[in-house]
Novice: 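One structure coming up, written as structure tokens, with questions to follow.
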Amino acid sequence: MSHPYIPHTEEDVRQMLNTVGVPTVDALFEGLPGEVRLTRPLELPGPLAESDLLRDLKRLADQNATVESHVSFLGGGAYNHFIPAAVDYLVSRSEFTTAYTPYQPEISQGTLQAIFEFQTMICQLTGMDVANASMYDGASACAEAVLMAVRATRRRRVLISGALHPHYRETVRTYCQCLEVELVEVPWDTSGRTSPPALRELLDGETAALVAGYPNFFGVIEGVADLAEAAHAAGARLVVAVPEPVALGLLKAPGELGADIVVGEGQSFGIPLSFGGPSLGFFACRQQDLRSMPGRLVGETVDAQGKRGYVLTLSTREQHIRREKATSNICSNQGLCALTATIWLALLGKKGIRELAQHNLAKAAYARRQIAALPGFSLPFTGPVFNEFVVKVPGRVQMLLDRLAGLGILGGIALAPWYEGMDDCLLVCVTEQNSRAQIDALVAALAGGA
Amino acid sequence: MESLGTTGLVLNEKLLFEHSDPGRQGYSLPPLDVEEATLPAGLTRDEVGGLPELSEVDVVRHFTRLSTWNYGVDSGFYPLGSCTMKYNPKVNEVVARLPGFAATHPHAPAALCQGALELMHDLQQALAEISGFPALSLQPAAGAQGEFAGMLVIRAWHESRGEKRHRVLIPDTAHGTNPASAALCGYEVSPVASGADGRLSAAAVAAQMTEDVAALMVTNPNTLGLFESDIAEICRIVHAKGGLVYCDGANLNALLGMARPGDMGIDVMHFNLHKTFATPHGGGGPGAGPVGGCAKLAPFLPAPVVEKTAEGYRLTSPDRSVGRVKAFHGHFGVLVKAYAYIRSMGADGLKRVAHMAVLNANYVRARLQEVYHLPYRGRSLHEVVFSDKNLEGGCHTLDLAKRLIDYGYHPPTIYFPLVVKGAIMIEPTETESLETLDEFCEAMLAIARESRQSPELLLKAPGRTRIGRLDETAAARRPKLKWEKSD
């Protein structure tokens, strides 16, 4: 029996068994007691030849609505941005894709230098001192940030803005459920921002951290400087979570505004939507917290000849050395996704990211204005937004969305599953990928009502 | 013998930032077709200071050069023990990039994503059949996160029975992530010593098993490449005291079609899809770490899971789910690749994977054991652990590893498991041919000879790489973690 992925011929097997000194391959499994052996074949379909496999997977792929088959205004933590051809071309090089975690630096300099560049760019975007070599995604990076703040302050109370992405809140809750950390949600006000009076009331001397989105789940740009001031007055860390980092091309860096830990999702930086994953978490903090950071770090050093090179460093914080006392259990990072983001950011550069952010801002502002002018539609929040905003619609949101889908438009995300009292609200996202004509089509379709 | 390693023309390359030239850009935007908008004063920055300015060709040359400094499975043999670096089939990359998968938004309505959900559902079913665990969640992003999710499930199950247990037993051969994940779940970790034969004995577990122990975390086959032959008895001992057994699935490759952890009495396990099911490791990720459990643990699994109903496939949360461990539905793109791999292998193919992986490991063992010290002599499965005891001339495992690079191979896993001093852990995987194994073994034997005759070849290795051994101590003492303009 031959298979394209397994090179052994019958003659090879015979020769190898000879060398090993056993009569059959099965004899090599003699350490498995009979009571744990599988005595029947697995019930699985296949094997499929490559052509049949392709046909079958195309059949599945063709059943899904995409941002190409439909006009999409979906955001909510995953964003449809243009990916230049050079990104996938470079990231597909198998020296990058088929390598492992760079434990042997002399033959992993490609990955290591790229990650060093990634760390640098994340610091530049966030305005922070140090960034790690990436985490699984924005939500889990946010949970790790909360754990780090709890470690650093030795406090047990964490305030989370109710306007933070619901998946981020749920993930923080999952990560903290065993650790005697008290999680308290802070309400938002009519601007769509975390409410300052509520915050003042809830912050106390036991608070380890305040966590808020930037922009938050409603697309609203939080007043990070005010949040930082309030948190710091109580001795707490401010964790800023950025689900749409293209915004950082235009918005003030959270570090400049007083954030202590900045985390976020890097999918916007050249990573396909791919039904929500794989994604890329980033994590940046102040120098003082360096040694309690989770995850991998790449540092610069030299070889014996003084030649510059890069290595994984400060690993004494990590699980393979400190085991149960490690700063986190993270082992792999998101190497290839971090590389993708690095390539994408390198192509855009200083000016490109700003222009891209301006396009997103302008398109969303146009759509927001047009939709707000429709009879029966309104904007529940007054705060400034980037490329996403909440719309209050007349009639039932789900019926409206279904009707739009029938017209080939994915019109937004219903807020009802996540927020009580927002049954008539819709989250609409507009990026540079949406033309004016698409926006006009959305507005016309909305005007048709539910 | 002529070594595979050689020195071609390798180009130097600066950092991106050092190439930057004001005014360059590698990205084009269409003209803005709506009016410009501004944000209120005080919210915006002037520019992202420090980001480079480069043309497309600058960026393409930069990363192409960097790629040539990397060693991947497509470059050559990569025998990393416990990491299962098998060949990654190219069709998997093609299918993961089909627009119907890559351009699908996670918030798109379920009714319009039935193909993606069907794939996830069928992958859940296939993993259930392969592992013997009827309940599956594909959500975790990596093995370590699957491990964490699995331990949360264990804790939630105990709590649902009104029990609060405080300890987790972990063999001394375990991966470092095991104790770290248990600690994240608030557990105190008690190490269990493996026996002189490298295995966990039922007696050792019985001696430490109390009603305060929530779980035993075992890796099977373990990190010495040995099957934990007492596993069924060990599970009975743990269960008798009300505990559960967790299995680290990193070494599942050895068992495909041969045995199922769920049938051994194990309660929860994570899969490393990137290892066992041939999705590329990507220089450290993305992976995918689904978690499987026995029927009684199904209500506690991480959300979401995919369910098949009369109306079609849908995402749902198990009743008493421990919650989500990340945003959205897991690393879907990685799931597509693993699914494609399983479909292309079928039942017989997967069994052949285990057969050839184990044969390869035993072949390497047979060829090297006369020269390299083999601390545990039990029957090896898919990996074999030697030590550096027989190296001479003051050479150690690290020197051997660096010298192997000169010969053209990625070194094995070194200094792990911790129970072997100077460990050299070789996992050839089933995708390596007899010819490759022979060449590798010749290199290993040549290096052992060199350690006697000219140890400096090892001590100064690697000598054929663009840069030599790097000063890791200096990197940690004065951490330089980003480029700065003043440099």
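By convention in this document, chain letters (A, B, ...) are assigned in the order of the sequence lines, proteins followed by strands, and residues within each chain are numbered from 1. When reading the values below, keep in mind they use all heavy atoms of this one structure, side chains included, and skip hydrogens, waters and symmetry mates.
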Novice: Can you find a heavy atom in the side chain of B:Leu470 that is under 4.5 Å from one in the side chain of A:Val302?
Specialist: no
Novice: Where on B:Leu98 is there a heavy atom nearer than 4.5 Å to chain A: the side chain, the backbone, both, or neither?
Specialist: side chain
Novice: Given B:His62 and A:Glu117, is the side-chain hydrogen bond (donor to acceptor under 3.5 Å, both in side chains) satisfied, shown in steps?
Specialist: CA-CA 12 Å; B:His62 177 77; A:Glu117 293 169 343; 2.9 Å; yes
Novice: Looking at A:Ser94 and B:Asp74, would you say the former's side chain and the latter's main chain have a donor-acceptor pair under 3.5 Å?
Specialist: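 A pair under 3.5 Å: no.
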Novice: Which answer fits B:Glu432, side chain, backbone, both or neither, if we ask what part of it has an atom under 4.5 Å from a heavy atom of chain A?
Specialist: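 Just the backbone, heavy atoms under 4.5 Å.
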Novice: Heavy-atom pairs under 4.5 Å with chain A are the metric here; pick the option from B:Tyr87, B:Trp69, B:Phe416 that has the most.
Specialist: B:Trp69
Novice: Hey, which of B:Arg24, B:Glu35, B:Glu13, B:Arg365 has the most heavy atom pairs under 4.5 Å with chain A?
Specialist: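 Among the listed options, the one with the most contacts to chain A is B:Glu35.
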Novice: Among B:Gln25, B:His105, B:Met264, B:His329, who wins on heavy-atom pairs under 4.5 Å with chain A?
Specialist: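 The answer is B:His105.
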Novice: Evaluate the side-chain proximity of A:Arg436 to B:Leu32: yes if any heavy-atom separation is below 4.5 Å, no if none is.
Specialist: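 Heavy-atom side-chain distance check fails, nothing below 4.5 Å.
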Novice: So what's closer than 4.5 Å to chain A heavy atoms on B:Ala102: side chain, backbone, both or neither?
Specialist: both
Novice: Using the salt bridge (Lys or Arg N to Asp or Glu O under 4.0 Å) rule, take B:Lys326 and A:Glu170 through it: C-alpha gap first, then chi angles, then the decisive distance, then the call.
Specialist: CA-CA 8 Å; B:Lys326 69 179 291 294; A:Glu170 285 174 46; over 6 Å; no
Novice: Please flag which part of B:Leu80 lies under 4.5 Å from any non-hydrogen atom of chain A: side chain, backbone, both or neither.
Specialist: side chain
Novice: Select, from A:Thr174, A:Val67, A:Leu339, the one with the greatest count of heavy-atom pairs under 4.5 Å involving chain B.
Specialist: A:Thr174
Novice: One pair to check against side-chain hydrogen bond (donor to acceptor under 3.5 Å, both in side chains): B:Arg352 and A:His3. What are the steps and the verdict?
Specialist: CA-CA 9 Å; B:Arg352 188 160 172 86; A:His3 191 282; over 6 Å; no
Novice: Checking B:Val353 against chain A: side chain, backbone, both or neither under 4.5 Å from a heavy atom?
Specialist: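 Both parts, heavy atoms under 4.5 Å.
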Novice: Looking only at heavy atoms and a cut-off of under 4.5 Å, which of A:Tyr89, A:Phe116, A:Tyr366 has the most pairs with chain B?
Specialist: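 Looking at each of A:Tyr89, A:Phe116, A:Tyr366 in turn, A:Phe116 comes out on top.
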Novice: Do B:Phe148 and A:Tyr175 have ring centres separated by under 6.0 Å?
Specialist: yes
Novice: Output the option from B:Val358, B:Thr465, B:Asn88, B:Leu54 having the highest count of non-hydrogen pairs under 4.5 Å with chain A.
Specialist: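 Heavy-atom pair counts peak at B:Val358.
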Novice: I need the residue from B:Ile467, B:Val60, B:Leu350, B:Asp263 with the largest number of non-hydrogen atom pairs under 4.5 Å to chain A.
Specialist: B:Ile467
Novice: What option among B:Cys185, B:Gly143, B:Ala474 has the most heavy-atom pairs under 4.5 Å with chain A?
Specialist: B:Cys185
Novice: Given salt bridge (Lys or Arg N to Asp or Glu O under 4.0 Å), test B:Lys402 with A:Glu106 step by step and report yes or no.
Specialist: CA-CA 9 Å; B:Lys402 299 305 182 194; A:Glu106 299 85 356; 2.8 Å; yes
Novice: Test salt bridge (Lys or Arg N to Asp or Glu O under 4.0 Å) on B:Arg469 and A:Asp303; report intermediate values, then the result.
Specialist: CA-CA 5 Å; B:Arg469 263 193 229 190; A:Asp303 72 1; over 6 Å; no
Novice: Assess the residue pair B:Asn360 and A:His8 against the criterion (side-chain hydrogen bond (donor to acceptor under 3.5 Å, both in side chains)); give the C-alpha distance rounded to whole Å, side-chain angles, the decisive distance to 0.1 Å, and a yes or no.
Specialist: CA-CA 10 Å; B:Asn360 275 3; A:His8 302 69; 2.8 Å; yes
Novice: Mind telling me whether B:Phe332 and A:Phe275 have parallel, tilted or perpendicular rings, with 30° and 60° as the class edges?
Specialist: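 The arrangement is perpendicular - the two ring planes meet at more than 60°.
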Novice: Using the ring of each side chain (for Trp, its six-membered ring), is A:Tyr100 parallel, tilted or perpendicular to B:His281, with breaks at 30° and 60°?
Specialist: tilted
Novice: Once you measure the plane-to-plane angle for A:His165 and B:Phe328, does it fall in the parallel (<30°), tilted (30-60°) or perpendicular (>60°) bin?
Specialist: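 Perpendicular: the ring planes of A:His165 and B:Phe328 meet at over 60°.
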Novice: So, do A:Pro47 and B:Ser344 sit near enough that their side-chain heavy atoms are less than 4.5 Å apart?
Specialist: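 When only atoms from C-beta onward are counted, B:Ser344 and A:Pro47 do not touch, as no gap falls below 4.5 Å.
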Novice: Without hydrogens or angle criteria, can the side chains of A:Thr301 and B:Asp471 be said to hold a donor-acceptor pair below 3.5 Å?
Specialist: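 Per modelled atom types, A:Thr301 and B:Asp471 side chains form no pair under 3.5 Å.
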Novice: Is there a donor in the side chain of A:Asn329 and an acceptor in the side chain of B:Thr177, or the other way round, less than 3.5 Å apart?
Specialist: no
